[in-house]
**Student:** 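One structure follows; several queries about it will come next.
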Amino acid sequence: GVGDLIATEMQRSTGALLNKNEFAAYAATPLRSFSFNWTILPDSEQESTQAAGLIKFFRKSMHATKRDQVTITVPDHCIVSFHGSKDMIQLPPVVVESVGVNYNPNNSSFFRKNNSPVEIALTVGLKELNPLYQDDVKAGY
């Protein structure tokens with residue numbers, strides 16, 4: 001009745017939720033995902049081999065380790081930081097969620113000796129482990 005009408009108008013004008021069960025209405029703050037893209041341009045077969053090792057490292061980091069038939073060890077978590085820019089948000093601990101690789105996206109050239117690609121597009125997707133709260137945002141996350 002009248003109480004619902006007043007509550008609706010208060011919510012509309014103030015933006016505040018007037019709900020006795022507001023904790024039940026709030027589901028959760030979603031976990032954020034981040035994507036980083038790199039173009040790797042090796043100058044030699046050796047650098048191309050190192051790039052392949054880097055890709056393998058990221059792919060390995062996104063998977064759990066099987067300890068035995070019943071237990072696993074969760075994937076590695078990463079600490080990401082941006083140096084030289086204090087105004088960029090910092091990332092809390094994250095896990096590698098996806099790795100995308102595109103070999104020679106702009107041409108079909110390969111090194112003659114070992115057929116390694118001369119260009120590699122690498123995309124790494126990261127996801128937060130925990131939701132952020134207001135104090136975390138104040139701290140720079």
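One-based numbering along the sequence shown.
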**Student:** May I have the list of side-chain donor-acceptor pairs in residues 65-76 shorter than 3.5 Å, sequence neighbours left out?
**Tutor:**
unit_1 : atom_1 : unit_2 : atom_2 : d
Asp68  : OD1    : Val70  : N      : 2.8
Asp68  : OD1    : Thr71  : N      : 2.8
Asp68  : OD1    : Thr71  : OG1    : 3.1
Asp68  : OD2    : Thr71  : OG1    : 3.2

**Student:** Is any side-chain heavy atom of Val124 less than 4.5 Å from a side-chain heavy atom of Ser98?
**Tutor:** no
**Student:** Would you indicate whether the side-chain heavy atoms of Leu129 and Val94 approach each other to under 4.5 Å?
**Tutor:** no
**Student:** Locate the shortest heavy-atom distance separating Pro93 from Ile79; write the atom from each residue and the value.
**Tutor:** CG-CD1, 3.9 Å
**Student:** Please name the pair of heavy atoms, one in Val96 and one in Cys78, separated by the smallest distance, quoted to 0.1 Å.
**Tutor:** CG2-SG, 3.8 Å
**Student:** Just do the side-chain contact (heavy atoms from CB on, under 4.5 Å) check on Trp38 and Leu54 with the steps written out, would you?
**Tutor:** CA-CA 12 Å; Trp38 294 280; Leu54 178 67; over 6 Å; no
**Student:** Say whether Leu31 and Leu132 are linked into one hydrophobic cluster, either directly or through other cluster members, by side-chain heavy-atom distances under 4.5 angstrom.
**Tutor:** no
**Student:** Can you find a pair of side-chain heavy atoms, one from Val101 and one from Phe58, that are under 4.5 Å apart?
**Tutor:** no
**Student:** Could you check whether any side-chain N or O of Gln90 sits under 3.5 Å from a backbone N or O of Met88, counting only pairs where one atom can act as donor and the other as acceptor?
**Tutor:** yes
**Student:** Are Val95 and Tyr141 connected in a single hydrophobic cluster, I mean Ile/Leu/Val/Met/Phe/Trp/Tyr linked by side-chain heavy atoms less than 4.5 Å apart?
**Tutor:** no
**Student:** If hydrophobic clusters are built from ILVMFWY residues whose side chains come within less than 4.5 Å, do Phe36 and Leu122 share one?
**Tutor:** yes
**Student:** Looking at Met62 and Arg59, what are the two nearest heavy atoms and their distance?
**Tutor:** CG-O, 3.1 Å
**Student:** Quick one: does Tyr103's side chain get under 4.5 Å of Ile55's, heavy atoms only?
**Tutor:** yes
**Student:** Please list all pairs meeting salt bridge (Lys or Arg N to Asp or Glu O under 4.0 Å) that have one or both residues in residues 122-131, counting only residues at least two apart or in different chains.
**Tutor:** Arg32-Glu128, Glu97-Lys127
